[in-house]
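Fair warning: this is a prediction, and the values are worked out from it, not measured in the lab.
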Amino acid sequence: MKKILVTGGTGFIGSHTVVELLNAGYDVDIVDNLSNSKATVIDQIEKITGKKPNFYQIDLLDKDKLNELFEKTEYNTVMHFAGLKAVAESIEDPLLYYRTNLGATINLLDAMFNYGAGRIIFSSSATVYGEQKFPKYTEDMPTGRDINNPYGRTKYMIEEILKDAYRAYPEICVSILRYFNPIGNHPSGLIGENPNGIPNNIMPVIMRVATGKTEMLDIYGQGYDTPDGTCRRDFIHVVDLAKGHLAALDHSKPGVQIYNLGTGTPTSVYELVKAYERVSNKKLPHHFVGPRPGDLAEYWADPAKANQELGWKAELGVEDAIRDTLKYLELNHS
Ligand code: NAD
Ligand code: UD1
């Protein structure tokens, strides 16, 4: 069987997808520059699956090293997770985001097409929809409008690059997966969301509060036009999300296929906090502060297309994600 190359495979979503790929019998190589993950993830993946993926510490901006890898290994499929994802940082240093996210993808596509790899599955985001009148997003809604940060625009631009690549090379298979809000981790607790530096996303912030590294969770805004006044998001368990990649791979065909990967059910930030307290049986110190600039009040996925065409459905809920997060903290918090 030909190998699958997973870029960003030591990161949060990439590592969980590697586990599912290995469990399904795929042969996996990982490239990652470890800018936001640790090499020890490889050993944890081995503990979970009994298999060790090959790991190459390569920056995708290093064209020569990337081409060397494709020269020595025959890949027909690439799952492309690698990239920078911190919204606030992208506003402070937009060129870093355009250089990294776009540059990495262009280098990767060049290498793929030079060496005959014609299938790519790309990590996109619900952020490409920008702000819509109706917050339940379907894949046919317009994209690229009112995206309020450079990170989000890189996702939109990469989607457009992939569509152009398909127009030029109609034999390639492109799957664009638009993730909603991934949380949780593998139920073993052996891998999880462990970004380098101070996190911005809600679950890693909650984990810092739960372990005393941060005093208090700031809940951004309580005056939104939502049932309890806090923002609502479609939180999807990362294991469900990872399984969505295998479903996309199974159904990949020439063309550009686009799927929302979400649960279809919104949960408010306040409900998430209360669920955390319920499952952990502990108070989570929190208070309300002003809204975070750029946050939308609410949005969630219409996952019907992925449900029907991929035969994939999110099966786990917010409480499962919290239970698995607690297991991760139990094993990894010192
Ligand atoms: P992550 O930061 O945990 O993983 C990304 C990985 O890419 C990291 O291991 C990092 O070291 C690596 N990387 C970054 N730049 C690189 C480069 N130039 N060369 C090689 N490796 C590089 O992030 P994640 O949460 O696992 O996200 C994976 C993908 O999904 C990203 O593209 C992200 O934008 C996208 N996404 C994430 C979310 C989310 O909420 N986590 C939502 C929507 C989309
Ligand atoms: C953001 C990005 C999205 C990106 C994703 C992963 C926007 C509009 N969206 O999603 O493009 O793919 O991160 O990087 O920027 N919250 C708090 N306190 C905190 C942290 C978050 O109340 O300390 C709230 C936020 O206001 C938000 C919700 O929790 O309502 C989720 O936030 P977060 O995890 O950062 O994800 P998004 O902002 O939805």
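Glu277 has a carboxylate O that lies under 4.0 Å from a charged side-chain N of Lys274, or vice versa, which qualifies the two as a salt bridge. Look at Asp240 and Lys243 and you find no salt bridge, because none of the NZ, NE, NH1 or NH2 atoms lies under 4.0 Å from a carboxylate O.
Going from atom CG of Asn114 over to atom CG of Leu109 covers 10.5 Å, rounded to the nearest 0.5 Å. Atom CG in Asn332 sits 7.0 Å away from atom CD in Gln44 (nearest 0.5 Å). Note that CG of Asn23 is 10.5 Å distant from CD1 of Ile45, once rounded to the nearest 0.5 Å. Atom CD of residue Glu20 and atom CG of residue Leu241 lie 10.5 Å apart, to the nearest 0.5 angstrom. Here the straight-line distance linking atom CD1 of Ile202 with atom CD1 of Ile219 works out to 7.0 Å at 0.5 Å rounding. Separation of atoms CE (Met79) and CD1 (Ile120) is listed at 10.5 Å; rounding is to 0.5 Å.
Side-chain contact check for Phe235 versus Ile322: every heavy-atom pair is 4.5 Å or farther apart. Contact annotation: the side chain of Arg119 never approaches that of Ser175 to less than 4.5 Å [non-hydrogen atoms, C-beta and beyond]. Looking at Arg233 and Leu272, their side chains never come closer than 4.5 Å, going by heavy atoms from C-beta outward. Between Thr154 and Tyr98, the closest side-chain pair of non-hydrogen atoms falls below 4.5 Å. With a 4.5 Å cut-off on side-chain heavy atoms, Met203 and Asn181 do not count as touching. No side-chain heavy atom of Phe12 sits under 4.5 Å from any side-chain heavy atom of Pro195. Counting heavy atoms from C-beta on, the side chains of Ile183 and Ile206 never come closer than 4.5 Å. Looking only at side-chain heavy atoms (C-beta outward), Thr17 and Val6 stay at 4.5 Å or farther from each other.
With hydrogens and angles disregarded, no donor-acceptor distance shorter than 3.5 Å links the side chain of Asn36 to the backbone of Leu84. Formation of a donor-acceptor pair under 3.5 Å by the Thr73 side chain with backbone atoms of Phe70 is not found in this model. For Asn260 (side chain) and Gly262 (main-chain N/O), no donor-acceptor pair under 3.5 Å exists by modelled atom type. Looking at Ser90, its side chain never comes within 3.5 Å of a backbone N or O of Asn149 through a donor-acceptor pair. With hydrogens and angles disregarded, no donor-acceptor distance shorter than 3.5 Å links the side chain of Ser252 to the backbone of Ala248. The backbone N or O of Ile258 sits less than 3.5 Å from a side-chain atom of Lys305, completing a donor-acceptor pair. Between the side chain of Gln132 and the main chain of Pro142, a donor-acceptor pair closer than 3.5 Å is present. Remark: side-chain polar atoms of Lys282 are not paired, donor with acceptor, to backbone N or O of Tyr276 under 3.5 angstrom. At distances below 3.5 Å, not a single donor-acceptor pair connects side-chain atoms of His16 with backbone N or O atoms of Asn185.
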Open item on the list: Tyr115 vs Asn67, test: side chain to side chain contact (heavy atoms under 4.5 Å, CB included). Steps then yes/no.
Closed with: CA-CA 8 Å; Tyr115 291 94; Asn67 279 299; 3.4 Å; yes
TODO: Starting from the C-alpha separation in whole Å, work towards a yes-or-no answer on side chain to side chain contact (heavy atoms under 4.5 Å, CB included) for Leu217 and Arg208.
DONE: CA-CA 9 Å; Leu217 171 72; Arg208 286 180 66 88; over 6 Å; no
- [ ] Start with the C-alpha distance between Tyr179 and Ile236, add both sets of side-chain angles, then the distance that settles side chain to side chain contact (heavy atoms under 4.5 Å, CB included), and finish with yes or no.
- [x] CA-CA 8 Å; Tyr179 310 157; Ile236 173 168; 5.8 Å; no
- [ ] Evaluate the criterion salt bridge (Lys or Arg N to Asp or Glu O under 4.0 Å) for residue pair Glu159 and Arg178; output intermediate values, then yes/no.
- [x] CA-CA 10 Å; Glu159 288 198 1; Arg178 294 180 180 152; 2.7 Å; yes
Task: Test side chain to side chain contact (heavy atoms under 4.5 Å, CB included) applied to Lys3 and Asn54, step by step - done: CA-CA 10 Å; Lys3 282 176 184 279; Asn54 293 316; 3.1 Å; yes
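The heavy-atom pair separating Gly130 from Tyr137 by the smallest distance is O-OH, 3.0 Å. The nearest pair of heavy atoms linking Thr325 to Gly184 is OG1-CA, 3.7 Å. The minimum heavy-atom distance between Thr230 and Gly221, with the atom names listed, is CG2-O, 3.7 Å. The two atoms that bring Asn107 and Leu60 nearest to each other are ND2-O, 2.9 Å, heavy atoms only. The two atoms that bring Val205 and Pro199 nearest to each other are CG2-O, 3.8 Å, heavy atoms only. Nearest heavy-atom pair across Lys51 and Pro53 is O-CD, 3.6 Å.
No more than 12 heavy atoms of other residues, nucleotides or ligands shown are found within 6.0 angstrom of NZ on Lys65. For Lys313, the NZ atom is loosely surrounded, since the number of other residues' heavy atoms within 6.0 Å does not exceed 12. Enclosure of atom CG in Asp225 is not indicated, since only 12 or fewer non-hydrogen atoms of other residues, nucleotides or ligands lie within 6.0 angstrom. Atom CD of Glu131 is surrounded by 12 or fewer heavy atoms from other residues, nucleotides or ligands within 6.0 Å. In the displayed structure, Lys38 atom NZ is contacted under 6.0 Å by more than 12 heavy atoms of other residues, nucleotides or ligands.
By the criterion of side-chain heavy atoms lying less than 4.5 angstrom apart, applied directly or through intervening Ile, Leu, Val, Met, Phe, Trp or Tyr residues, Tyr151 is not grouped with Leu177; the two fall into different hydrophobic clusters. In the hydrophobic clustering of this structure, Phe180 does not group with Tyr224; members are Ile, Leu, Val, Met, Phe, Trp, Tyr whose side-chain heavy atoms approach within less than 4.5 Å, directly or through other members. By the criterion of side-chain heavy atoms lying less than 4.5 angstrom apart, applied directly or through intervening Ile, Leu, Val, Met, Phe, Trp or Tyr residues, Leu34 is grouped together with Ile30 in one hydrophobic cluster. Under the 4.5 Å side-chain heavy-atom criterion for Ile, Leu, Val, Met, Phe, Trp and Tyr, Phe81 and Val87 are members of distinct hydrophobic clusters. Cluster membership check: Leu316 does not share its hydrophobic cluster with Trp300, using side-chain heavy-atom separations under 4.5 Å among Ile, Leu, Val, Met, Phe, Trp and Tyr.
A donor-acceptor pair shorter than 3.5 Å can be found between the side chains of Glu89 and Tyr97. For the residue pair Thr226 and Glu298, no side-chain donor N or O sits within less than 3.5 Å of a side-chain acceptor on the partner. In this structure, a donor-acceptor pair under 3.5 Å is absent between the side chains of Tyr220 and Asp295. Side-chain atoms of Thr263 and Asp234 include a donor-acceptor pair closer than 3.5 Å.
Aromatic pair His245/Tyr259: ring centres not closer than 6.0 Å.
Judged as a side chain to side chain donor-acceptor pair (under 3.5 Å), and not counting sequence neighbours, the contacts of Asp324 are His237. Annotation: side chain to side chain donor-acceptor pair (under 3.5 Å) contacts of Glu319 (sequence neighbours excluded): Arg278.
Checked against Tyr129 for a side chain to side chain contact (heavy atoms under 4.5 Å, CB included), the options Asp146, Thr143, Leu296 give a single hit: Thr143.
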Could you give the side-chain donor-acceptor pairs of residues 162-174 under 3.5 Å, partners two or more places apart or in another chain?
unit_1 : atom_1 : unit_2 : atom_2 : d
Lys163 : NZ     : Glu160 : OE2    : 3.0
Asp164 : OD1    : Arg167 : NH1    : 2.4

